Amino acid sequence: MHADLGGLQGRLENIVGAEYVSADPEVTARFAVDGVKPGLTVRPGTQDEVSKVAATCSAAGATMIPWGGGTAMGLGNRPSSADAVVQLDRLDRIVEFDAANLCVTVEAGMRLGALQETVAEKKELLPIDPPADSKVTMGGLVATNQSGPGRLLYGTVRDWLLGMRVVLPDGQRIRCGGRVIKNVSGYDMNKLFIRSLGTLGILTEVTVKLLPLPVKRTAMVSLFPELSQATAAVGKVLESFLLPEALDVLNPEAMTLLAPSLELTAPAGSWGLAVSLAGSRETVDRQERDFAALFRDGGGVVTPLQDGRTVPAWDAIRNVFDLLPAPPAQRVLCKIAVSISRTGEMLAAAGALGERLGLSATVVAHAGSGVVWAAFPLGRTAPPEALLAEALEGLRAKAVATGGSLVLQAAPANLKARMDAWGKPGEGFDVMRRLKAEFDPRGLCNPGRFVGGI
Amino acid sequence: MAQKALVEELRKIVGEKNVLHSDVDMQLYQYDACLQERRPDAVAFVHSTEEVAGVVKVCNKLGVPFVPRGGGTNLSGGTIPIKGGVVVEMIRMNRILEVDRANLRARVQPGLFNLELGTALAPLGYQYLPDPASQKAATLGGNVAENSGGPHCFKYGVTTNHVLGMTVVLPDGQVATIGGKAPDTPGYDLTGVFVGSEGTLGICTEVVVRIMRLTEGVKTLLAIYDSIEEGSESVSAIVAAGMVPATLEMMDQLVIQAVEASIHCGLPLDCATVLIIEVDGLKDDLEAQTQAIVDLCKAHGAREVRVAKDDAERAMLWAGRRGAFGAVARLAPSYLVCDGTVPRTALPQVLRKVAEVGKKYDLRIPNVFHAGDGNLHPLILFDWRDAEQKARVMKAGMEILELCVELGGTISGEHGVGLEKIDAMRLVFTEADIHSQVRVKKAFDPRDLANPGKMFPVPAEVLSAR
Ligand SMILES: Cc1cc2nc3c(=O)[nH]c(=O)nc-3n(C[C@H](O)[C@H](O)[C@H](O)COP(=O)(O)OP(=O)(O)OC[C@H]3O[C@@H](n4cnc5c(N)ncnc54)[C@H](O)[C@@H]3O)c2cc1C
């Protein structure tokens, strides 16, 4: 099944050293993707080594699975082949931190959390807050364009990315963008690689711009008896001058999970609306008052999450799915993306689908951004895959009908066997296929995991 | 001859009166703001996505290149049909199709002028942010194709940060809707790749953009300096203090004098440089921010800082800045606009060196630029009738770009490569880098029909599988 790995292993060892290549089944088992076990894992220590590793794999016709923090390896379809997992965790150095220009260049294996610690020393931050930020690597962040609640005010890493270095599947090294904040020298190649899920090459270095740390940050949660009240409040906020960092709607299941971390009691059936505020003291204080009034007028019960409670509260909200009792292998996690005004509708639909299937769905929406996350724990009472797949396709159809999408972020392999993780490819797919053919003509990078079998 | 057949086919698509091909008309479409020229074989005025697709299919059938043209204000030769063919005139596709406040999006046609979108949104309390100084005459399609910036980029980003989706006619005439009102469309980010592609990947016929609420408050300041160093150091100091102004724009003495002569907005003629600084957002801390900026500017040597008292004063300051390129036209018959970008803190250094380049080549080089972004626009003055002078200008321009690259910057911040900076591409990119961009071009346009001859310093054979 695997390409001639015997010979390959030796050649890779010559590049990175024997201790950084492993074909030990116990090791490779830990790097299985949707049950597909790699033939070996290799851990290059420099960008140059990544290039040599890619060239060597490519010459052997071996498929490569780039591996950053491993937090998004459930995303997408089951790979059609996995000869070598290329781990990037040793590429974890800061290349250059130019604090005066609000800009930092790091190797792709650097963890987002570690980057934040470094830049915080100069009172700066990268305002991107995906779940599991202590594990997420910068390369993985860019390859998925994963976002969190802060997307509302700050966008995604796409909006902060200035440049990167990429090793193409044949080992060639290229540079995209640079380290200036405006750059139209040639095509915007950063955009080609962002959220390409490592199907066009291996990202080895990333340059992002930074923001001065806000002087003050605070949060509050408002509980509403009805979803419609929460979405009405969201609508009012979006029409106002107010500029919250984040505005998340939490369904009753999510509220129940979160209540202890937020140190509040949530009456059964209440919907949560969590808001995060950052900026100068004056603007944060004013917004705190305005939000409290706006929520109360809309029928909400407000709990401020000030001072020491702000950061842990948002950490809990961002990572709410970690609070689920079912282990990750026994749940389906979907990301539904729709236009902003459809968010409430999709929240309700995801919850209703859970009820119909007898699975209590935990659903969280980044309400001002149109992103809804829904987790369905499967446990022993789970319906048969066919039924589950059909129900999820129904939910997907709803999202697609409004111009949106539903993507499986993680799901048991037997469910993925029945439904495509991305849905039907959209218009422009011919171009996508040709892009893949130009950059990875032999389909060696992450084969089969991406849209339309790419 | 071939032109006749082409014109016949185009007429079938857009109608007789919408095809131009006379000598005079072709002369009018042979240039833009760049220094090169070339006549097209025909010009087609298009009114719908279907017509654009029809025109592009005709071009495919006859193997003729096509070049979309918006306002023609680009500064890199983007709209010059350097290999002949059809100029696709987009200007009549200029409707706002939808303002969708609930979704904070607008859907517009590409021939719409940037300013017209702003004018339509303002009474509703909304805005579209990227605002190139040319917004009166530059189209949204041109903004998309050039990934245009503008004075408000430092805080709000450039066109690519505000374009969420579009309808495009691909170089083979197929129509595709990519991206849209919903975020994160699965698949490669074709929208992101298309923005900034200078008409070389197809023609955009509809754009979905982000609109934002007008901010609650805004304050505009003018800081006046006797030395250009002090001005650029103030810029760095403001950023270092943790502030994120919406704009940090700079003009030097020659520009100020030209602006005053044409617009009379009350700029002091004897100063070395002025900074236009704007802060916006919630009104609560704007006074405090304004005061902090006044103090910082003074601490860094500003001889005077004025704060606009009302909208009229604010408009006056902006009229000066937006009119700068136009006003400089008073100083000489022609000028070459450089568009290099450096990390912000390198500004004082690069400005000193630009002045040295001016001395070395005996050329006058006024400067007006987006200081917050590190994006400078030295304007090298000359007389196009003087061939010897023109040669010096080209050398000086290249030297300035080299300087920018040496200081960690790049050759173009917002005006694009087009024809003008093809050779400069090698200053920043390796052969492998350039070839990777060529791969993108080939995936979209294997026959090299969409705005050929632009951007890449490689022979035509490499680009075309014809
Ligand atoms: C006085 C002045 C001030 C300026 N200030 C700024 C500034 O502050 N910031 C800035 O970024 N730029 C600035 N510019 C440059 C210029 O205005 C921008 O590049 C602008 O976006 C070009 O728009 P346009 O409609 O004139 O495009 P055009 O010049 O007509 O075309 C530009 C390119 O886009 C392509 N194109 C046009 N329409 C389409 C379409 N529908 N689909 C695909 N491709 C298309 C063309 O083929 C060409 O390659 C300035 C120019 C002038 C003259």
Side-chain angles (χ1 to χ4, degrees), chain A residues 98 100-103 123 145 155 158-159 168 172-175 178-189 191-192 194-196 211-212 235 238 241 243 280 282-283 286-287 337-341 369-371 402-405 407 422-423 425-429 431-432 434-435 438-439 451, chain B residues 102-104 146-147 149 153 157-158 160-161 176-178 180-190 192-193 195-197 213 216 236 240 242 244 282 284-285 288 341-345 373-375 408-414 416-417 425 428-429 432-433 436-437 439-440 442-444 455:
Chain A
D98 183 358
N101 283 306
L102 291 166
C103 170
K123 291 200 168 22
N145 199 25
R158 180 189 194 269
D159 300 301
L168 298 182
Q172 268 193 74
R173 293 182 64 177
I174 62 161
R175 198 184 89 163
R179 57 191 187 91
V180 284
I181 59 180
K182 271 163 70 189
N183 193 341
V184 294
S185 315
Y187 291 149
D188 187 351
M189 296 293 285
K191 302 297 188 294
L192 178 67
I194 197 152
R195 71 174 158 83
S196 66
L211 193 69
L238 296 181
F241 287 124
L243 295 166
S280 64
E282 296 94 323
T283 59
R286 177 268 181 104
Q287 291 198 82
V338 287
S339 52
I340 298 167
S341 62
S369 314
V371 177
T402 71
S405 62
V407 172
W422 308 94
E427 292 176 27
F429 183 61
V431 175
M432 293 183 201
R434 291 202 297 263
L435 284 167
E438 285 286 342
F439 283 83
V451 174
Chain B
N103 285 313
L104 299 171
E146 301 288 356
N147 191 12
C153 300
V158 292
T160 194
N161 306 107
T177 299
I178 54 180
K181 288 184 191 171
D184 299 351
T185 312
Y188 299 133
D189 183 0
L190 297 184
V193 173
V195 174
S197 64
R213 281 286 278 145
E216 188 180 36
S236 291
V244 186
L282 294 171
D284 313 76
D285 65 357
T341 295
V342 294
R344 189 184 317 110
T345 49
D373 308 333
N375 185 193
T410 193
I411 57 170
S412 185
E414 55 178 24
V417 176
M425 284 283 277
V428 255
F429 293 121
D433 297 341
S436 71
Q437 300 193 19
R439 292 182 203 219
V440 173
K442 286 183 147 179
F444 276 82
M455 203 180 287

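It should be emphasised that the depicted structure is a prediction, and the values quoted were computed from it without experimental measurement.
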Region of B:Leu190 in contact with chain A, defined by heavy-atom distances below 4.5 Å: side chain

Side chains of B:Thr341 and A:Asn183 in contact at under 4.5 Å (non-hydrogen atoms): no

Pi-cation contact, B:Phe444 with A:Arg434 (under 6.0 Å, within 45°): no

Contact summary for B:Val342 and A:Val180, nearest pair of heavy atoms: C-CG1, 3.5 Å

Chain A contact via B:Val158 - which portion, at a heavy-atom distance below 4.5 Å: side chain

Region of B:Asn375 that comes under 4.5 Å of a non-hydrogen atom in chain A: side chain

Pick from B:Ser436, B:Gly149, B:Gly374 with the largest number of heavy-atom pairs that fall under 4.5 Å of chain A: B:Ser436

Rounded distance (nearest 0.5 Å) linking atom CZ of A:Arg175 with atom CG of B:Asp433: 6.5 Å

Top contributor to chain B interface from A:Lys123, A:Gln287, A:Arg179 [non-hydrogen pairs under 4.5 Å]: A:Arg179

Reported CD1-to-CE distance for the pair B:Ile178 and A:Met432, which is rounded to 0.5 angstrom: 8.0 Å

Partner chain A: residue of B:Ala288, B:Cys153, B:Gly416, B:Pro186 with the largest heavy-atom pair count (under 4.5 Å): B:Pro186

Polar side-chain atom of B:Arg213 near backbone of A:Leu243 as donor-acceptor pair, under 3.5 Å: no

Note, A:Glu438 side chain near B:Val440 side chain (heavy atom, < 4.5 Å): no

Max heavy-atom pair count under 4.5 Å with chain A, selected residue of B:Gly242, B:Gly157, B:Ala182, B:Gly180: B:Ala182

Contact winner vs chain A - B:Val193, B:Asp184, B:Asn147, heavy-atom pairs under 4.5 Å: B:Asp184

Sidechain N-carboxylate O distance under 4.0 Å for A:Lys182, B:Glu414: yes

Heavy-atom contact with chain B under 4.5 Å, split by part of A:Val451: side chain

Smallest separation among heavy atoms of B:Pro183 and A:Val371, with atom names: CG-CG2, 4.1 Å

Donor-acceptor under 3.5 Å (B:Glu216 side chain, A:Phe241 main chain): no

Minimum side-chain heavy-atom gap A:Tyr187-B:Met455 below 4.5 Å: yes

Residue selection (most heavy-atom pairs with chain B, distance under 4.5 Å) from A:Asn101, A:Ile340, A:Val338: A:Asn101

Check ion pair B:Asp284-A:Arg286 (N to O, under 4.0 angstrom): yes

Aromatic A:Phe439 / basic B:Arg439 pairing, under 6.0 angstrom, 45° off normal: yes

Contact origin within A:Met189 toward chain B - heavy atom pairs under 4.5 Å: side chain

For chain A, the option from B:Ser236, B:Ala240, B:Gly409, B:Ser197 that forms the most heavy-atom pairs under 4.5 Å: B:Ser197

Contact origin within B:Val244 toward chain A - heavy atom pairs under 4.5 Å: side chain

Over all atoms of both residues, closest heavy-atom pair of B:Ala176 and A:Gly428: CB-N, 3.9 Å

Proximal component of A:Ser369, with respect to chain B [non-hydrogen, under 4.5 Å]: backbone

Side chains of A:Ser185 and B:Thr410, donor plus acceptor under 3.5 Å: yes

Residue, of A:Asp188, A:Thr283, A:Ile194, A:Leu102, that accumulates the most heavy atom pairs under 4.5 Å with chain B: A:Thr283

Between B:Lys181, B:Gln437, B:Arg344, the one whose heavy-atom pairs under 4.5 Å with chain A are most numerous: B:Gln437

